[in-house]
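Bear in mind that the values here come from a model prediction, so they are computed numbers and not experimental data.
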Amino acid sequence: MPLAPLLLLCPLLAAPPMAWQADAVEARAGELHLDRPCLTGGGWRVEARSAARQPDPACTARWRLAGPIQGSGPDLRFAASRAEVCGPQFTLHDPALQAPRLRLAAHRLGWADGVLRAHGIRASGCGCDDPPWHVTARDAEWTPGGGVWAQWPVLWLGGVPVAASPVGYLPVGGRRSGLLAPRLGFDGRDGLHGRLPFFWAPSDRLDLTLSPGWRQARGLAGRGRLRWAQTVDDQGRVGARALWGEGATLSGAGSAAWGPARLSLAGAVSSSEPARRAQHRGLPARHRDHLAQSTQAVVAGAAGELGGQLLTLQDLRADGRPHGLWAQGWAAWRTPAAGGTVA
C-alpha cells in the first residue's frame, strides 16, 4: 500500500506556503485570527473555515484550523474537521485522504518525532470511491523508510470481515518482510477467491512468499515462491501450488553454488493426477498425450558433471491411463587431454 503521498502533508502543514488569503484578519490578545483562510503554493490549495495563530514556546507559534478543511495537491486530496500545527508536528482530526493508490480515513492522524500515528484507521490500496476491500485498525504507526505496525488489524471484503490479528505489520517500499496487499478475484470455475500473501526477505539475495488462500468452490488453497540470486549466473525460483483435496505441485528452475561445483535444478513434481492435470490445463491436446512432467538435476564442476532426469509419461485426457516413468542419468568428465560421457 503506497503511503508516500502522506509525506507531502508534512512540509505543507509544518511550513505553510507563502501565499495566504483570508476574508478577514484580526489581532487580539496576542493572537492572530483569520476568517476563511486559503493557502496556495507549490501546487497545493488548502481552505478552512477559520484559523488562529498563538505564541507557543514549544514551536514559536501554534496554528489551529477549524473546519471543514479541504485541500488538494499533487496526487492527493484530503479533508478534515480541524487541525493543529506546531512547528514540524501536526494533528488532523477526522481526516479523509485519497490518492491514486490509497484511500485512508481515521479518527485522528498526527505527525511527531518522525513518526506518523493514526487512531481508528480505515485504509485501502485502491483509490476508488468504493474500494472492494479495506483494512481497519485501532491504532497504527508508520516510520518513513520502514513499515506500518497496526493494533488489531481486520481485513474486510466489502462489508464482511474475513481476517483479524492482535497485531500486524505491513511492509512499505521494496523488499520488506511482512503482509502484502490481498489478492482477490472471481471466475466461473471457483467463484470468489482470494489470497493473503506474506513476504519474507532475510537478505537482498533471498526471499520467500507464502500465500494462503480460499476458493469458494473448492475450499482452502495455497501458493509459495522461493527466489534466490547468489550471482548473475546462480539464481532461480521454485514455486508451489496446493489445493485442498487435489494435491500439490512443486516446480521451478535455477542453479546455486555448491562448494566447488554448481547444482542446477529444473522441472516439476505433482503429488496427484488432479494436480498434474491442473498444471497442464490450457495446453493443446497433442501436448497433453505425451510428456506429463519432467524433473532434472545436474551437478557440474570444472572436471565434469553428474546429472539425472525423471520423466512422467502419461495420457492426460479424461479416459487416459498412465504410461509409466522414464529415468535416465549421465556422467561426463573432461581433462586437458580428453573427455567422455556415460549415459
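- Proximity of W111 to L92: side-chain heavy atoms (C-beta onward) are nowhere separated by under 4.5 Å.
- Between atom CZ of residue R241 and atom OG of residue S211 there is a gap of 10.5 Å, rounded to the nearest 0.5 Å.
- The aromatic rings of H107 and H119 sit tilted relative to each other, their planes meeting at an angle between 30° and 60°.
- In the hydrophobic cluster analysis, where Ile, Leu, Val, Met, Phe, Trp and Tyr join through side-chain heavy atoms closer than 4.5 angstrom, L155 is grouped apart from W214.
- Between P166 and W152, the closest side-chain pair of non-hydrogen atoms falls below 4.5 Å.
- With values rounded to the nearest 0.5 angstrom, W156 atom CH2 is found 6.0 Å from H134 atom NE2.
- Of all non-hydrogen atoms in G159 and P161, the two that sit nearest each other are O-CD, 3.8 Å.
- Atom CD of E26 has more than 12 neighbouring heavy atoms from other residues, nucleotides or ligands inside a 6.0 Å radius.
- Among residues two or more places apart in sequence or in another chain, the side-chain hydrogen bond (donor to acceptor under 3.5 Å, both in side chains) test is passed with R195 by none.
- Heavy-atom neighbours of D23 CG from other residues, nucleotides or ligands within 6.0 Å: above the threshold of 12.
- The environment of R225 atom CZ is dense: over 12 non-hydrogen atoms of other residues, nucleotides or ligands sit within 6.0 angstrom.
- With S124 contributing its side chain and W133 its backbone, the two residues share a donor-acceptor pair below 3.5 Å.
- Between L34 and W63, the shortest heavy-atom contact is CD1-CZ3, 3.6 Å.
- Annotation: side-chain hydrogen bond (donor to acceptor under 3.5 Å, both in side chains) contacts of R138 (sequence neighbours excluded): Q151.
- Linking ILVMFWY side-chain heavy atoms closer than 4.5 Å, directly or via other members, places V148 and V154 in two distinct hydrophobic clusters.
- Summarising the geometry of G224 relative to L210, their closest heavy-atom pair is CA-CD2, 4.4 Å, with the distance given to 0.1 Å.
- Counting only heavy atoms from C-beta outward, the side chains of D113 and Q89 approach each other to under 4.5 Å.
- By the 4.5 Å heavy-atom criterion applied to side chains, L104 and F78 are not counted as neighbours.
- Within the 4.5 Å cutoff, the side chain of L196 has no heavy atoms near those of the V162 side chain.
- Between the CG atom in L208 and the CZ atom in F198 there is a gap of 8.5 Å [rounded to 0.5 Å].
- Counting heavy-atom neighbours within 6.0 Å of R117 CZ, excluding the residue itself, gives a total above 12.
- In plain terms, the two heavy atoms of F186 and H193 that are nearest each other are N-NE2, 3.5 Å.
- Nearest heavy atoms, A83 versus I69: N-CD1, 3.7 Å.
- With values rounded to the nearest 0.5 angstrom, L226 atom CG is found 9.5 Å from W200 atom CH2.
- Smallest separation of non-hydrogen atoms from C38 and E47: SG-CG, 4.0 Å.
- The main-chain N or O of L192 is found under 3.5 Å from a side-chain atom of Q216 such that the two form a donor-acceptor pair.
- L157 and L220 fall into different hydrophobic clusters, where Ile, Leu, Val, Met, Phe, Trp and Tyr are joined by side-chain heavy atoms under 4.5 Å apart, directly or via other members.
- The environment of CZ in R215 is crowded: more than 12 heavy-atom neighbours from other residues, nucleotides or ligands sit within 6.0 Å.
- Once rounded to the nearest 0.5 Å, the distance linking CZ of R36 with OG of S50 reads 9.0 Å.
- A side-chain donor-acceptor contact under 3.5 Å links R49 to the backbone of G67.
- Annotation: disulfide bond (SG atoms under 2.5 Å apart) contacts involving residues 64-98, sequence neighbours excluded, comprise C59-C86.
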